[in-house]
Amino acid sequence: MAARGGPVAQGGPHYLAGLNAEQRAAVETTEGPVLVLAGAGTGKTRVLTTRIAHILSLGLAFPSQILAVTFTNKAAREMRQRIGLLVGEQVEGMPWLGTFHSIGVKILRRHAELVGLKSNFTILDTDDQLRLVKQLIQAENLDDKRWPARTFAQMMDGWKNKGLTPDTIPEGDARAFGNGKGRELFRAYQDRLLQLNAADFGDLLLHPIRIFRENSDVLADYHRRFRYILVDEYQDTNVAQYLWLRLLAQRPKTGDAPSPPPNVCCVGDDDQSIYGWRGAEVDNILRFEKDFPGATVIRLERNYRSTAHILGAAAHLIAHNEDRLGKTLFTDTSSPEDERVAVNAGWDSEEEARAVGEEIEQLQRRGHKLNDMAILVRASFQMREFEDRFVTLGLNYRVVGGPRFYERQEIRDAMAYLRCVCQPADDLAFERIVNVPKRGLGDATVRQIHDHARGNGTPMIAAALEMVETEELKPKPRNALRSLVFNLRRWSELLPTTRHTDLAEMILEESGYTEMWQNDRSAEAPGRLENLKELVRSMEEYESLPGFLEHVALVMDTEQNAESDAVSLMTLHSAKGLEFETVFLPGWEEGLFPHQRALDEGGRSGLEEERRLAYVGITRGKKRVKIWFVSNRRIHGLWQSTIPSRFLDELPEAHVEVMEANTSYGGYGGYGASRWDGGASFASGGYRTPGARRAAAAASGGSYGDGWGGGRTREISYEEDGVKAKADRYAQAAGLGDFSSSENSGFAGRMTPDRGPALGRQAARGSNQPPSRGAGLYSSARQGGPREIAGELIAKSVVPPEESRYAVGTRVFHQKFGPGTVASVEGNKLTVDFDKAGQKRVLDGFVTPI
DNA sequence: TATTCACCTCTTTTT
DNA sequence: GAGGTGAATA
């Protein structure tokens, strides 16, 4: 269990001081494969950085012989900085410390020609990628409405994550897109990338894999080079990353001798695996001992971050997951003053933001730093309301990983100009700026250039240079194009002799791009000009234009100035690896968290990943964790009733405090239901737990995701024991309106936002349509019966499905699909032949007999 | 060719 | 609610 091998004696070099026995073992077991299972807050980064310092100080390797891979740029920066603190300037000599992708580029640039690229290839961003895919789809004469570029780009992404190429994707996958043209499209896409001398993100890993496989001498060279390999967040690696790593780590046999065990150290936590949607394979971590026989496995379970309450809440929640290696975090630094995890209820998302803002201000008045507080949301759209609120309060906040600097329109445009100058085959960049600013070069002209280029097999800029000398184009566009391409050529010629920042300024000025925004009278224009200046300023840190372009492509985030005191606002995903004294976790509602799509697409494992996300969220907190849920949230611009997240029920009573509704905001006496039924409420029934509150919300007509608030009404029964309410709550969790998901997006009868909660109220009252019961999402997520875990907030009971009261042949009316005839009944799910809309599967609660 | 407006879809998480 | 698209118009 604990460390195998590795001395645990006291003393030794200064950097080992203060490490516990397991940490120390992880640092000192330098030889052979090591897997460190590091729970949240157990000093994982410290182990990694100290291990590197240890290797260096023992002289086991030069800095340039250590390969240290992280998942994010942030993590790489932090590691570099912390190693620097331990070993000083030696860290400067570590070129192979970085993200999978940045190291991939480095390798690819050295051997680009082995895969048909030139070493100055461009890295496509998602924007370029989408435009390219769209062009290809259109070139195949496919309807790009029916076959969206986005979908295909995501499919390719999935393939690449799995390390697949056009030749190796499964036939079924290939057929699933574009009338069976998936494979052709994928191949066409890769061909086009080579023509463009470009690589997308996936290629940064796949090309090196191919290079290693096809060139054993190259691989052998890297084997000699990398004496020690370290991998952070191993649970997040996908198949491609795994293959890449295995190629580098597993040396081939030399002669008859067995291959030497690699000095590879992977650190991870299966409970914090939250990137399954992106192809991450938790299996990689579970399989480590098979991949690397004789591996030392070390568990770090002593938590140095959070209070016992926070840890207890998190542990109890995550225990609901079945797929895990299982670790027990412990701490012995608890004190009676520690606050329990607080669960708060709110009326709507505005109130949530208001209340959180107020709590933040209170903490601030008590001397807490804003820097020590964070709001972690499930989805980025939740941020807006907090931002709005903080702006009105004048509260300093910082969005981490939010709308990125380099994704702004003006930055992308400027970058496209620079790309045209550095890499003349970059058609995508050229197409982006041909007519920005407007030069009278519209679709028709661009098409002509494009065709000419494809005809000759040359890049578009080269084609344009030829075309301006012929009669092919009309005089007006011809002159405009001439001046553009001559400029581009001139700037390219200046590239070797001009300082890159000066050149960039010159390009932006002479192209008329700056002027375009100066003449723009819109409110954003000044900001955009400011951003352009900032872009040029940030170039100063880089040696050359190409160097800068690469940085931007890989490091999409800009470093935050940690100078000022500000509350952090970010998604749960980007919070991984961080910690704060106080953490606010808003939006714990079914459909949002766990997210509906995770449930729909991921089933049980999707739910478990959501739960791990919740675990990550809670374990970010050191002293205080404050969870929120509300009963009304605006989604896609319309108000919807929501019910509390099932995760709330999975918190242990002993570590949680359910907060009473605070009358200082909203002015309502109780939570949720009591506000819209005028008092005959659950709140008066003495229910205090989120579970019951959630039930109350459910009984009041909560619906998430059906997009239909008005008209569909339901009966409310305020039985004191809440049984009925609970039944309804389960039905509600299931209540998706209808199951014909593909048709689900066209909402009939939209609820106008300004009527918002008022309509929600109507929906809740005056109903003659009881919600259906049954096996919906909620219970299906608990297949095999409820898992009983002691000490939860409410007892679990799954309501058995009740047969529908509709019989085959009954005429019914559906708000969206109109009249129809029941074709079959399955529990509470009806298959109905609608007169106009055709056959649909709907929940019986959403139709009325006629 | 540029602009405007009505309409549609889509909103999870990211290197 | 937003952003993108397509058709209609200047």
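Because the structure is a prediction, the values reported are computed rather than measured. Proteins come first, then strands; the chains are lettered A, B, ... in the order of their sequence lines, and each starts at number 1. The figures here come from the full heavy-atom set of this structure, side chains too, leaving out hydrogens, waters and symmetry mates.
OP1 or OP2 of dT14(B) has not a single side-chain nitrogen or oxygen of T126(A) nearer than 4.0 Å. When the side-chain nitrogen and oxygen atoms of T445(A) are compared with OP1 and OP2 of dT1(B), one or more of them lie within a distance under 4.0 Å. Between N435(A) and the phosphate of dA2(B), there is a side-chain N or O to OP1/OP2 separation shorter than 4.0 Å. Side-chain nitrogen and oxygen atoms of R597(A) include at least one within less than 4.0 Å of the OP1 or OP2 phosphate oxygen of dT12(B). Proximity of K74(A) to the phosphate of dT14(B): no side-chain N or O atom is located under 4.0 Å from OP1 or OP2.
Candidate nucleotides dT5(C), dT15(B), dT13(B) were compared by shortest atom distance to the side chain of N73(A), and dT15(B) ranks first. Across dT13(B), dT11(B), dA2(B), the shortest atom-to-atom separation from the side chain of K438(A) is found for dA2(B). Set against dT15(B), dT13(B), dT5(C), the side chain of T72(A) has dT15(B) as its closest nucleotide. Proximity note for R384(A) (side chain, C-beta onward) versus dT15(B), dT5(C), dA2(C): the nearest is dA2(C). Comparing dT14(B), dT11(B), dT12(B) by their closest approach to the side chain of E601(A) singles out dT12(B). Distance from the side chain of R278(A) is smallest to dT15(B) among dT15(B), dT12(B), dA2(B).
Residue F100(A) is out of contact with every strand shown, counting any heavy-atom pair closer than 4.0 Å. Across all strands, K474(A) comes closer than 4.0 Å to no nucleic acid atom at all (heavy-atom distances).
Aromatic stacking of F201(A) on dT15(B): satisfied, with centres closer than 5.5 Å and planes within an angle under 30 degrees.
If you measure from atom CD of Q154(A) to atom P of dT15(B), you get 16 Å, rounded to the nearest angstrom. Atom CG of L554(A) and atom P of dT14(B) are 17 Å apart (whole Å). One can place CD1 of I103(A) at 15 Å from P of dT15(B), the figure rounded to the nearest angstrom. We find that CE of M570(A) is positioned 21 Å from P of dT12(B), with the value rounded to whole Å. Rounded to an integer number of Å, the gap from W244(A) CH2 to dT15(B) P is 17 Å. Remark: P of dT15(B) and CD1 of I274(A) are 11 Å apart, rounded to the nearest angstrom. Atom pair R447(A):CZ and dT1(B):P shows a separation of 12 Å (rounding to whole Å applied). Put simply, CG on D443(A) is 12 Å from C1' on dG6(C), counting in whole angstrom units.
D271(A) pairs in a side-chain hydrogen bond (donor to acceptor under 3.5 Å, both in side chains) with only one of the listed residues (Q235(A), R611(A), R324(A)), which is R324(A). With R432(A) as the fixed residue, the side-chain hydrogen bond (donor to acceptor under 3.5 Å, both in side chains) test singles out one of D128(A), D426(A), D127(A): D127(A).
With hydrogens and angles ignored, no donor-acceptor pair under 3.5 angstrom links the side chain of H595(A) to the base of dT12(B). Within 3.5 Å, no donor on the side chain of W277(A) pairs with an acceptor on the base of dT12(B), nor the reverse.
The aromatic rings of W588(A) and F647(A) sit perpendicular to each other, their planes meeting at more than 60°, with 30° as the lower class boundary.
Between K162(A) and E281(A), none of the side-chain N atoms (NZ, or NE/NH1/NH2) sits under 4.0 Å from a carboxylate O, so this pair counts as no salt bridge. Salt-bridge formation is detected for the pair D200(A)/K160(A): a Lys NZ or Arg NE/NH1/NH2 atom is positioned less than 4.0 Å from an Asp or Glu carboxylate oxygen.
Summary of the strand contacts: S380(A) and G442(A) both lie near DNA chain B, and taking for each the nucleotide with the nearest heavy atom, the more 5' one is attributed to G442(A).
For N531(A) and R528(A), the side-chain atoms include no donor-acceptor pair closer than 3.5 Å.
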